[in-house]
A.B. asks: 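This is the structure I have questions about; it appears just below.
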Amino acid sequence: MNLSLLSSCKSLRSLQQLQAHATKSSLDADPLIAGKLLLHCAVHISDARAHDYAERLLRHAPNPDAFMYNAVIRGFSDSDAPHSSISTFALMLKNLSSQIDSFTLAFSLKSAANLRCLRTGSQLHCQALLRGLDIHIFVGTTLISMYAECGRVEFARDVFDEIPEPNTVTWNALLTAFFRRGDVGGAERVFAAMPAKSPTSYNLMLGGYTKLGEFALAGKVFDEMPLKDEVSWSTMILGLAQHGWFEEAFGYFRRLRGVGTRPNEVSLTGVLSACAQAGALEFAKMVHCFVEKVGLIWITPVNNALMDTYSKCGSVDMSRLVFERMTGKRSIVSWTTLITGLAMQGHGEEALALFLEMEGSGVELDGTAFVALLYACAHAGLVEEGSEMFDKMSKLYRLNPEIEHYGCMVDLYSRAGQLTRAYDFVTQMPIPPNDIIWRTLLGACSFHGNVQLAEKVKDKLSEMDPNNRGDRVLLSNIYAVAGKWRDAAAVRRSMAELKLRKSPGWSRIEVDKMVYTFVAGVREDGVTREAYEKLGEVMSRIRVEGGYVPEVAIVLHDVEEEEKEGAVAAHSEKLAVAFGMARSGGGRRVRVVKNLRVCRDCHNVMKLISKVYDMEIVMRDRSRFHYFKNGNCSCKDYW
DNA sequence: TTACTAATGC
């Protein structure tokens, strides 16, 4: 039998055929062939069943050698069942203890690290000590990583000190250990003491700094490092994107293109993540073209990132198109991304249909997929459908509902106005409800004007999160709407006395592939002045032609209120839209992204602008999309 | 057949 056939075996099925062929020719008795087959099965086939199959082969082999044990231990070490790797180690300890070598220990330790199991890791450390393998360069380095994963930097250090000739990889493992525990000073000392540095050492520093948001330090290392590889660029771009520095992430991407390095798929997903968060559609389209051009469109995570970006930029049609045309295998993430995208736009029915299609597609469902589905049902008023799916989740799919799922259900009933059902559901939950759940209910009380229930709910919230500003705003609004002025005023006084924190609100708009950020109350730069000027003109026109009346009176507007200064007149979304109108040169569409939920007054203003100026406004707020057109909003005034 | 670095959905 030709062993080179092995590399063409990409599926468990084709491998089993080869296996059958070997058995028929009595070749399976050859330990070399049996071992190679087993290794290929355990390591090179990305199918959970392949690992189990390899383990069965091992257990049935007449005289399995160390190579075969090692193959199975390795196969499980990077799977989602690392504990099977440990049980295989135990089997080897029983049957072939004398043959345990550096490979066995390195792979087993990797599993212990993935399991974050200090007990298992320490026991393996003992086995290594018994055999004098703890100072073996590969085993020792993996030991350091294992202790790092388990958060025991002092043990990692002890192992390091025993290794006679640590190489750069060993030093890197130690560096990782210090960062993992958040000891930046320690990491910096290790970095300074290293006798030699490979690009990985620098990249570890970049990763350590960017995770902490230390971009000045990261930038310095980045500029000083002699050789920047793909990981260096990806780390910077991803780190910036994850900390909300979108324009800076774009800057690194432009720089990367400028120096002629070809961005890899990780840099691309990173820059797409920045586009998604910032709502930068034009930049995203450019990245999409680039992905096609460099031939990385077959990579599933890149497609998923593209879909997510288009959805979050308000172009769910493009998202759907990417999904339909993707050449790579659709993962559970691909399906969930599109379902969420459809749900955010209020296309609940289509989201539900897609979920049903996913059920038949053979992908393994997970909890997040159900979060997306329940979110879709909640936003489209599909109460009974959502309810049924929630039951199905545990009964049919054996997925344990988590707090997010209960939250979705409370939202589902609340939005539909079934407050009693929502409240009963909360009181009968098998796990204790968190503040988010009570807050959902409080919001629903506010929307439906249920003062009695609101007071009950507020008591719960006061116990859990006594200093939350948003909760008091909601309660005050409930009283105000019910005409209980005295109660409303008392809540507001208590807020003033406590000087409760405010979440800073911002809105962003993309013009000519540049993203502009607006914050209420800040007005020094030219861009903001331009926005204010246009806003003044817009407001007076909608007052005259649209009959606008500001909703200031007694009701406090924002759930998570922006700057109260200047009342609601200068909320950041108004500034961003005005700026977009000033710069769009008569364009009929403006797209804005806001980090909080849009307030009622701004929502009203957007409707009027869409009518008076005959234009469309697409606004993504914290929970969904609003399409303003002809004086109406796609959310039907419920958000 | 082994060790250290970056990734997508709520």
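Proteins come first, then strands; the chains are lettered A, B, ... in the order of their sequence lines, and each starts at number 1. Computed from a predicted model, the values in this text were never measured in an experiment.
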A.B. asks: Name the orientation class of the two ring planes belonging to A:Phe323 and A:Trp335 (parallel below 30°, tilted from 30 to 60°, perpendicular beyond 60°).
C.D. replies: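 Plane angle over 60°, so perpendicular.
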
A.B. asks: When we call it a touch if two heavy atoms are under 4.0 Å apart, what does A:Asp229 touch: a base, just sugar-phosphate, or nothing?
C.D. replies: nothing

A.B. asks: Report, as yes or no, whether the 6.0 Å neighbourhood of atom CD on A:Glu364 holds more than 12 heavy atoms from other residues, nucleotides or ligands.
C.D. replies: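 No, CD of A:Glu364 has 12 or fewer neighbouring heavy atoms, counting only those of other groups under 6.0 Å.
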
A.B. asks: For a quick check of understanding: with a heavy-atom distance under 4.0 Å over all strands, which category does A:Thr200 fall into, base, sugar-phosphate or nothing?
C.D. replies: base

A.B. asks: A:Glu165: which residues meet the side chain to side chain contact (heavy atoms under 4.5 Å, CB included) condition with it, sequence neighbours left out?
C.D. replies: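 So A:Glu165 forms no side chain to side chain contact (heavy atoms under 4.5 Å, CB included) with any residue.
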
A.B. asks: What parts of residues 327-336 of chain A reach DNA chain B, counting only heavy atoms under 4.0 Å away?
C.D. replies: A:Ile332, A:Val333, A:Thr336

A.B. asks: If you round to the nearest 0.5 Å, how far is CD1 of A:Ile135 from CG of A:Asp161?
C.D. replies: 13.5 Å

A.B. asks: Rounded to the nearest 0.5 Å, how far does CG of A:Leu399 lie from NZ of A:Lys392?
C.D. replies: 12.0 Å

A.B. asks: Which label fits A:Phe250 and A:Phe283: parallel for a plane angle under 30°, tilted from 30 to 60°, or perpendicular past 60°?
C.D. replies: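 The arrangement is parallel - the two ring planes meet at less than 30°.
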
A.B. asks: Under 4.0 Å, counting only non-hydrogen atoms across every strand here, what does A:Ser102 touch: a base, just sugar-phosphate, or nothing?
C.D. replies: base

A.B. asks: So, using side-chain hydrogen bond (donor to acceptor under 3.5 Å, both in side chains) as the criterion, who are the partners of A:Ser85 when residues are at least two apart?
C.D. replies: A:Ser111

A.B. asks: Assess the residue pair A:Glu350 and A:Arg320 against the criterion (side-chain contact (heavy atoms from CB on, under 4.5 Å)); give the C-alpha distance rounded to whole Å, side-chain angles, the decisive distance to 0.1 Å, and a yes or no.
C.D. replies: CA-CA 11 Å; A:Glu350 196 183 340; A:Arg320 199 190 281 112; 2.8 Å; yes

A.B. asks: Using a cut-off of 4.0 Å on non-hydrogen atoms, how would the nucleic acid contact of A:Asn303 be classed: base, sugar-phosphate, or nothing?
C.D. replies: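 No contact.
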
A.B. asks: Between A:Tyr147 and A:Asp158, do the side chains contain an N or O donor and an N or O acceptor separated by less than 3.5 Å?
C.D. replies: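 No pair is found: no donor N or O on one side chain lies under 3.5 Å from an acceptor on the other.
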
A.B. asks: With no hydrogens and no angle check, just 3.5 Å: does a side-chain donor-acceptor pair link A:Asn303 and A:Thr300?
C.D. replies: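 Checked: A:Asn303/A:Thr300 side chains show no N/O donor-acceptor pair below 3.5 Å.
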
A.B. asks: Taking heavy atoms of chain A and a 4.0 Å limit, find me the 5'-most and 3'-most nucleotide of DNA chain B within that range.
C.D. replies: B:dT1 to B:dC10

A.B. asks: Do any of residues 64-75 of chain A sit with a heavy atom less than 4.0 Å from DNA chain B, and if so which?
C.D. replies: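 Contacts with DNA chain B under 4.0 Å: A:Phe67, A:Asn70, A:Arg74.
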
A.B. asks: With heavy atoms under 4.0 Å as the rule, sort A:Lys312 into base, sugar-phosphate or nothing.
C.D. replies: sugar-phosphate

A.B. asks: How would you label the contact of A:Thr368 with the nucleic acid (heavy atoms, under 4.0 Å): base, sugar-phosphate, or nothing?
C.D. replies: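 Counting heavy atoms under 4.0 Å across all strands, the contact made by A:Thr368 includes a base.
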
A.B. asks: Sort and list the pairs that fulfil ring pair (Phe, Tyr, Trp, His ring centres under 6.0 Å) and have at least one residue in residues 220-242 of chain A, not counting sequence neighbours.
C.D. replies: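 Applying ring pair (Phe, Tyr, Trp, His ring centres under 6.0 Å) to every pair that reaches into residues 220-242 of chain A, excluding sequence neighbours, yields A:Phe222-A:Trp233, A:Phe222-A:Tyr252.
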
A.B. asks: Once you apply a heavy-atom cut-off of 4.0 Å, does A:Thr337 come out as touching a base, just sugar-phosphate, or nothing?
C.D. replies: sugar-phosphate

